[in-house]
Structure formats: C-alpha cells, structure tokens
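Keep in mind that this is a model prediction, so the values were computed, not measured. Atoms considered below: every heavy atom in the structure, side chains included; atoms not considered: hydrogens, waters and symmetry mates.
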Amino acid sequence: MFGRWSRRDLLKSSGAVAGAVAPVALASVPAVAQPLPALSGTDADNLFTRIGVRPILNAKGTYTIISGSRSLPEVKQAMFEASHYYVHLDELMDGIGAELAKLTGAEWGIATNGCEAAIVQATVACIAGTNVEKAQALPHIKALDQVIIPRHSRNQYDIGVRMVGANVVEVETPDDLRAKISARTAMIYVMSSPSEAKSVLPIRTICAIAKEKNIPVFVDAAAEEPLRPNIHLAAGATLVGYSGGKCLRGPQSSGMLIGQKDLCKAAYFNAAPHHNYGRALKCSKEESMGLLAAVRQWYRRDHDAEQRMWRGWLENIEARLKQLPSTRFEYLQPDDLSNRATRLRIHWDARVLGITGTELQARLDAGNPRILVDSASGARPDRMESALTIMPYMMDPGEDRIVADALFAGLSNSGRYENPPVPKGTLAQLSGNWAVTIKYVRGQGEQQFTLQQTGGALTGTQKGELYQGALTGVVRANTVEMRSRMPVPGSVVDWRFKGTASGNAMSGTVDLGEYGIVPWTATKI
C-alpha cells in the first residue's frame with residue numbers, strides 16, 4: 001500500500017514519463033508551504049510588454065479598466081498556496097462564510113466574482129431562494145419579479161438586477177416607496193453614496209419601511225471601507241456587497257456579500273459550482289482564499305498610518321512643483337467611505353507654462369514609465385486654466401517621486417503645442433433630418449438626426465434604435481462636432497461626433513468612450 005505523496009514530490013516528479021516509482025513511507029507526508037515565485041520581470045521587459053501591453057503607474061485610482069488595485073502580499077501568498085490543493089467548493093464556502101461572519105460581524109458571508117456578481121446573486125436569492133425549480137426557471141420569473149430602486153441609486157451597475165429578468169420600479173419618496181411595495185417585490189436595491197445620504201430616502205429610512213413589509217434590502221457598497229460594526233447592517237440592511245479589488249486590495253475579480261445567513265447561502269446556491277442561473281459566476285478557490293486574506297488584513301492594517309503616508313506623498317509632489325509659476329494646490333477630501341483618501345488637485349495657467357491639463361495627461365500616458373492621472377482639464381485655445389488630480393492610494397512607496405519628476409518635467413519643459421487649426425471656407429448648412437449609420441466593429445446601427453442650425457451653433461435630437469438624446473454642436477466651415485448624452489437604463493451613453501459635411505452628406509468618427517471610436521455616415525432626407 002502506498003502512502004500519500006507531498007505536493008513537492010509530485011512537482012519534482014512531474015517530468016517523469018516512465019519507470020518504476022518507489023513507495024514513500026506509510027506515514028502521511030505533510031505539504032510544505034512554498035515561497036512565492038520570484039518576480040522575474042522588469043519595467044521594460046515583463047510578461048505584459050512581451051505581448052505589446054504597457055504597464056501603468058497608477059496615480060488615478062481603483063478603476064476596473066486599469067485593473068483595479070494591486071493585491072496585498074498576503075493575498076498573493078494565499079492564492080499561491082490555495083493553488084496547490086483540491087477542495088470541495090461547498091465546504092470551502094461554508095468555511096469562508098463562517099470566517100467572514102467573525103471578521104465583519106455579519107451573520108454570514110460569501111466570496112463572489114466582484115460586487116457586480118454579488119448584485120446578481122443577491123437578486124436571484126431574493127427571487128428564487130433555494131427553490132430548485134424556481135432557480136432553474138430563471139430568467140422566466142412568475143411571482144417575485146420586481147426590484148425597487150430609489151431614483152438616486154440608478155446607476156450602471158444595477159444591470160446586475162436587470163440581467164436576472166427583474167423589472168425595476170423607481171421611487172423617490174418614503175410615501176412612494178410604501179405605495180409601490182407589493183406582493184411582486186423581491187428586493188430593494190440601494191447604492192450607498194453622498195447623494196443617497198442627503199436624500200429623503202437614505203438607507204436607514206428605506207430599511208425601516210422595508211422591515212414593515214418584510215422585504216430584503218441590498219446595499220451596494222462596492223468601493224467602501226467595510227467598517228466593523230457594519231454601518232449598513234446596523235441601519236437595517238439585509239445584505240451588503242463589496243468589491244474585493246478596491247480598498248481591500250484582494251483579487252481584482254473578487255467581492256463579498258455579507259448579511260443574513262439564509263440569503264447569503266441562497267446567493268451561493270444560485271451560482272457556480274451549482275448548475276443554476278449564476279453558473280457563470282465562478283469564484284475559484286484561489287480567488288476565494290485571496291478575498292478572505294484581504295478581509296483579514298483589512299482589520300489588521302493601520303489605516304491611520306496609511307492615510308498619513310498617502311498625504312505625505314501628495315505633499316512631496318506639491319513641494320516639487322510649487323516653485324513653478326501660476327501653480328496652486330488643492331487637497332480634496334473624500335465625501336464618504338468610498339475611495340477614502342485625500343487627492344491632490346494641481347492647478348496652473350497653460351498660458352504661462354505652455355501645456356494644458358489634457359496635453360500633460362496625454363504626455364504622461366505616452367511616457368516611460370506610463371503614468372495615469374485623474375480628472376485633467378484645459379484645452380486650447382479658450383480654456384487655458386488647467387488642472388489634473390493625483391489619487392495616491394494605489395501607488396507604491398517611491399512612486400510619488402517618479403510622479404513628481406514627470407509632472408515637473410512636463411510643466412517646466414512643455415515643448416511646443418499649437419492651437420488647433422481653424423477651418424476656413426463656406427459654412428455648411430445642416431438644418432434638417434439626417435439618416436445616420438453607425439458602423440460598429442460588429443454590425444451597424446441606424447439612427448436619425450434632426451438638426452437646427454443658427455449660425456455655427458447646432459441643436460437637435462438623436463433618435464437611436466432604442467433610445468434618444470439631445471444633440472448640441474458647432475459647425476466651422478465644412479467641419480462639424482456634435483455631442484449627445486443618451487439616457488439608457490441606469491446610465492447614459494456619451495456620443496461625441498466629429499466629421500465633415502459635403503452637400504447632403506456627412507461622415508466622420510464618433511467617440512463612445514469606453515465603447516470605442518467607430519465611423520459614421522449620414523445622408524440628408
């Protein structure tokens with residue numbers, strides 16, 4: 001009879017393809033913790049640069065599109081160690097649930113694939129519970145098919161509610177909320193924010209009304225610090241969702257859902273590894289244990305010392321730049337528990353220093369190292385008062401000097417920037433109706449513009465295939481620029497059209513922000 005192999009023995013033998021294997025001792029050989037592999041890359045040559053991707057020095061914040069936060073060493077260690085074992089995921093989530101309960105003070109908790117997954121899982125839990133037939137029938141909902149969302153909490157992330165198939169019911173006042181709670185109400189969703197706290201429907205009021213009707217309340221606290229005792233559970237919330245990849249500095253694709261035990265368990269029941277609606281929401285053992293390590297560290301970290309460190313970095317940057325003419329500095333304090341760190345807003349006059357905020361932002365992005373900053377402003381020729389913002393809390397020690405040097409170089413030796421050329425020629429006349437084709441990467445959209453022109457100013461409407469927005473813009477000779485903010489559920493889509501006109505035709509590109517830049521054409525009808 002053979003004894004167990006240690007994982008190290010298995011790794012050592014992984015290259016063997018033939019030959020006899022000698023038995024090891026009958027006694028169990030404990031697994032030996034292995035150190036993390038050494039970081040082999042450099043700033044100039046690493047696993048990202050080798051596939052054409054330029055890494056970033058993050059002075060902007062925990063934006064998902066720039067990969068969130070940098071995970072803590074303890075998180076990396078936990079994920080590395082977890083990768084060496086097989087476990088039963090149901091048993092793992094029970095173990096994590098009990099630990100999250102102890103750490104946060106909630107009844108229970110689960111690891112999720114980010115806070116958006118927590119929103120989906122919470123919604124499904126409130127609709128179907130652990131009724132396997134109802135879970136299998138989703139998104140075809142027969143009874144609990146509504147989620148109430150206060151108007152102040154509509155946002156891009158409430159798609160986690162809508163994708164389940166639930167109908168969103170908006171409310172604005174306490175009386176409105178009471179009137180719209182019905183037998184079809186599965187849950188109330190609310191996003192914790194300064195606008196919520198100042199409204200007539202703050203979380204505590206919502207929870208009190210919901211309690212009268214025994215309706216669960218989910219609080220979206222994605223970017224917030226998970227204080228203990230938890231402020232939202234103390235206010236009466238049933239469930240609270242957090243991102244693991246923001247201030248917790250856990251795995252970027254992790255999150256946690258904490259609160260009432262039966263609903264947390266129902267949320268997990270409806271997600272992977274179970275073959276229910278949330279099967280795609282798979283949280284691996286590595287992510288789960290990484291998230292748990294991040295939460296543990298959160299309650300051990302010296303947060304006051306972190307705040308002092310971040311503030312010191314900003315003061316170092318100010319000291320480096322304040323000798324430059326026209327500069328002034330503004331320290332921006334956080335409004336709430338989300339992204340809770342002081343930021344530095346740097347102001348200057350581009351007429352004095354020769355570079356606008358948007359030009360400096362682009363220069364930093366193109367530089368080496370590549371530095372991303374936040375909220376740049378200033379544009380030629382008529383908006384030369386400029387600014388940009390530094391968010392320190394995802395920077396590493398020493399990066400403040402790198403940022404300060406790069407900013408100083410850009411502001412003290414700006415190079416030459418020219419005002420954009422002014423188009424010359426006869427002013428195009430664009431009033432009327434236009435058939436518009438948007439040429440997406442895959443497929444195309446058919447829209448209609450109705451434009452009114454007064455001199456070089458444009459106003460009008462953009463009628464899309466499903467939604468519409470108000471257009472504003474300018475015409476200079478035969479060039480046209482227009483912008484629309486198209487309301488969509490929980491959000492808006494920004495359209496920034498640029499192009500040229502020739503008779504009854506226009507063409508150009510439209511910048512859709514995170515959705516890319518694509519061509520468009522238009523014909524007058």
For Tyr299, does the OH atom sit with more than 12 other heavy atoms under 6.0 Å from it, leaving out its own atoms?
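Check passes, neighbour count above 12.
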Please report the shortest heavy-atom distance between Ile317 and Leu344, naming the atom on each side.
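Result for this residue pair: CG2-CD2, 4.0 Å.
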More than 12 non-hydrogen atoms from neighbouring residues, nucleotides or ligands closer than 6.0 Å to CD on Glu133, yes or no?
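Open.
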CG/Asp43: more than 12 non-hydrogen atoms of other groups inside 6.0 Å
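Atom CG in Asp43 is not packed in, count stays at 12 or less.
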Applying side-chain contact (heavy atoms from CB on, under 4.5 Å), run through Gln444 and Ile438 and close with a yes or a no.
CA-CA 5 Å; Gln444 65 184 35; Ile438 311 293; 5.9 Å; no
Between Tyr189 and Phe218, what is the ring plane arrangement, given parallel below 30°, perpendicular above 60°, and tilted in between?
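Judged by the thresholds at 30° and 60°, the geometry between Tyr189 and Phe218 is parallel.
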Is any side-chain N of the basic residue among Glu224 and Arg340 closer than 4.0 Å to the acidic one's carboxylate O?
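Salt bridge: no.
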First locate atom CH2 of Trp108, then atom CE of Met93, and finally report the distance between them rounded to the nearest 0.5 Å.
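If we round to the nearest 0.5 Å, Trp108:CH2 and Met93:CE are 11.0 Å apart.
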Measure from NZ or CZ of Lys265 to the centre of the six-membered ring of Phe269 and say whether it is under 6.0 Å with the direction within 45° of the ring axis.
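So Lys265 doesn't make the cation-pi contact.
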Got more than 12 heavy atoms from elsewhere within 6.0 Å of CG, Asp302?
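Check passes, neighbour count above 12.
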What distance do Leu138 atom CG and Thr123 atom OG1 have between them, rounded to the nearest 0.5 Å?
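If I round to the nearest 0.5 Å, the distance is 10.5 Å.
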Atom pair OG (Ser83) and NZ (Lys285), whose distance is rounded to the nearest 0.5 Å:
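Ser83 atom OG to Lys285 atom NZ measures 7.0 Å (nearest 0.5 Å).
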In this structure, are over 12 heavy atoms from other groups packed under 6.0 Å from Lys134 atom NZ?
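Open.
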Ile56, Leu57, Leu364 screened by side chain to side chain contact (heavy atoms under 4.5 Å, CB included) with Arg370, the one that passes
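Considering Ile56, Leu57, Leu364, a side chain to side chain contact (heavy atoms under 4.5 Å, CB included) with Arg370 is found only for Ile56.
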Are Arg311 and Thr342 close enough, and set up right, to give a side-chain hydrogen bond (donor to acceptor under 3.5 Å, both in side chains), and what steps lead you there?
CA-CA 7 Å; Arg311 176 70 184 231; Thr342 301; 4.5 Å; no
Please say whether more than 12 non-hydrogen atoms of neighbouring residues, nucleotides or ligands are located less than 6.0 Å from CG in Leu47.
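Yes, the 6.0 Å shell around CG holds more than 12 heavy atoms from other groups.
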Under a 4.0 Å threshold between the charged nitrogen and the carboxylate oxygen, would Asp158 count as salt-bridged to Arg162?
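Looking at Arg162 and Asp158, the cut-off is met.
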Pairwise distance CG(Leu372) to CG(Leu388) - rounded to 0.5 angstrom
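Rounded to the nearest 0.5 Å, the CG-CG separation comes out at 11.5 Å.
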Separation between NZ of Lys246 and OG1 of Thr64, rounded to the nearest 0.5 Å:
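It comes to 4.0 Å.
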Positive for side chain to side chain contact (heavy atoms under 4.5 Å, CB included) with Gln121, one of Val164, Asn270, Thr112
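Exactly one candidate clears the test, Thr112.
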Hey, is CZ on Arg485 packed in by over 12 heavy atoms from elsewhere, all under 6.0 Å?
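Result for CZ/Arg485: open.
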Does a donor on one side chain and an acceptor on the other come within less than 3.5 Å for Asn58 and Tyr63?
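Not at all, the side chains of Asn58 and Tyr63 share no donor-acceptor pair under 3.5 Å.
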Counting only heavy atoms not in Tyr515 (residues, nucleotides, ligands), do more than 12 fall under 6.0 Å from its OH?
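No, because the 6.0 Å sphere around OH of Tyr515 holds 12 heavy atoms or fewer from other groups.
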Do Ser284 and Glu287 have side-chain atoms, one donor and one acceptor, less than 3.5 Å apart?
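Yes.
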CD-CG distance between Gln252 and Asn113, expressed to the nearest 0.5 angstrom
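Separation between the atoms: 11.0 Å.
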Is it the case that Arg343 places NZ or CZ above or below the six-membered ring of Tyr331, under 6.0 angstrom from the centre and within 45 degrees of the axis?
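The answer is no; the distance or angle limit is not met.
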Decide yes or no on side-chain contact (heavy atoms from CB on, under 4.5 Å) for Asp374 and Ile390, but give the supporting numbers first.
CA-CA 6 Å; Asp374 201 19; Ile390 305 297; over 6 Å; no
For Gln260 and Asp262: C-alpha separation, side-chain torsions, deciding distance, then whether side-chain contact (heavy atoms from CB on, under 4.5 Å) applies.
CA-CA 6 Å; Gln260 190 170 302; Asp262 63 337; 2.8 Å; yes
